[in-house]
Amino acid sequence: MATNCDFSRSSLLSEQYQHDMELIAVALQEENQDERDERLGLVARSWALTSACFHSQLETSDVASYTPVALVRP
């Protein structure tokens, strides 16, 4: 079950991501093609890792929150 804190954290992460992407876009405009390709590769890899970690934490917190309920069976 999501709480206001979860939505707030998600909103902050979204804002930070948007800010970071704007900085990257500006930097990309100033780079040559080789530098641009390298940076785009780094962003793609880091985003995939960030997403995997975020989803893993969500799954872990879901399991932890349901565990006490499973232990209270009659």
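One is the number of the first residue; the rest follow in order along the sequence. What you see is a predicted model; the values in this text were computed from it and never measured.
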Determine all donor-acceptor pairs shorter than 3.5 Å in which one atom belongs to a side chain in residues 20-29; sequence neighbours excluded.
{"residue": "Asp20", "atom": "OD1", "partner": "Gln16", "partner atom": "NE2", "Å": "2.8"}
{"residue": "Asp20", "atom": "OD2", "partner": "Gln16", "partner atom": "NE2", "Å": "3.4"}
{"residue": "Glu22", "atom": "OE2", "partner": "Gln18", "partner atom": "NE2", "Å": "3.4"}

TODO: Determine, using the 4.5 Å side-chain heavy-atom cutoff (strictly less than), whether Leu42 and Tyr17 are members of one ILVMFWY cluster.
DONE: no
TODO: Verify, without hydrogens or angle tests, whether Thr50 (side chain) and Ser46 (backbone) share a donor-acceptor contact under 3.5 angstrom.
DONE: yes
